[in-house]
Amino acid sequence: METKIVILVVEDEKNIRTALVDFLEYHGFDAVVAEDGLEAERIVGERQFDLILLDLMLPKISGEQLCAKWRQEGLQTPILMLTAKGREKEKIAGLNLGADDYITKPFSLEELLARIKAVLRRTDPARAVGQNFKFADMDVDIAALKVKSNGNEIEITKREAAIIQFFAANPNRVISREELYKEVWNETMTDLGTRTMDMHIAKLRSKIERDSANPEIIKTVRGAGYKYET
Ligand code: CA
């Protein structure tokens with residue numbers, strides 16, 4: 001049985017909160033609510049969530065304060081911020097504080113759903129693609145750390161498996177090196193990080209690409225990052 005994705009909705013406006021919960025439950029998520037910053041802080045201290053929808057303008061403790069505090073404490077849960085229109089500065093501050101994405105009110109629920117799915121794919125590729133999946137023309141077995149291609153079995157490392165899983169969960173999108181490093185290594189990019197990542201990508205390409213000098217699976221997008229096309 002697949003466990004449901006549980007989303008914490010932190011929103012003080014009752015109408016929006018109720019609409020969000022109805023919508024999320026309709027789409028198969030479990031929703032838990034917090035009506036102000038203090039309640040959100042307490043609930044997050046008590047249990048785990050797969051995603052937090054965090055309104056910025058909240059009574060008692062603001063969304064920014066919560067986000068900063070949670071990240072300082074090492075909370076890894078993806079956070080999607082709900083910001084009011086025209087508050088560009090808040091959005092930027094929110095991302096600097098460790099939010100994964102933001103959406104501007106008023107938003108359509110379809111747009112919200114797309115953002116939620118995108119954040120979940122990015123932050124939890126393992127859940128998005130599972131342990132066994134197709135990657136280009138290969139069959140990937142994450143648990144066994146093996147990739148099967150044209151009858152050949154290729155062994156991969158855990159890190160290579162995480163890279164493949166990430167690209168498989170995020171096809172047809174340019175992935176910046178910063179993003180890849182953040183999501184696969186769980187660290188902020190540094191010079192050393194750049195070299196580490198380049199080495200891992202080169203090694204992985206030598207295993208899975210026909211010609212690693214002209215990669216066709218994990219493509220390089222000049223000046224922008226990488227892309228896996230399906
Ligand atoms: Ca509010």
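Just follow the structure's listing: the first ligand is 1, and inside any ligand the first atom is 1.
Contact annotation: Glu11 places no N, O or S atom under 3.0 Å from the Ca ion (ligand 1).
Between the side chain of Asp55 and the main chain of Leu58, no donor-acceptor pair closer than 3.5 Å is present.
The Ca ion (ligand 1) is the vertex of the angle joining OD2 of Asp55 and O of Met57, which measures 80° to the nearest 10°.
Minimum-distance N/O/S atom of Asp12 relative to the Ca ion (ligand 1): OD1.
The ring of Phe29 has its center no closer than 6.0 angstrom to the ring center of Phe23.
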Under the criterion side-chain contact (heavy atoms from CB on, under 4.5 Å), I'd like the reasoning laid out for Phe133 against Ile142: C-alpha separation, chi angles, the key distance, then a yes or no.
CA-CA 9 Å; Phe133 54 90; Ile142 292 291; 3.7 Å; yes
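No more than 12 heavy-atom neighbours from other residues, nucleotides or ligands sit within 6.0 angstrom of CD on Gln48.
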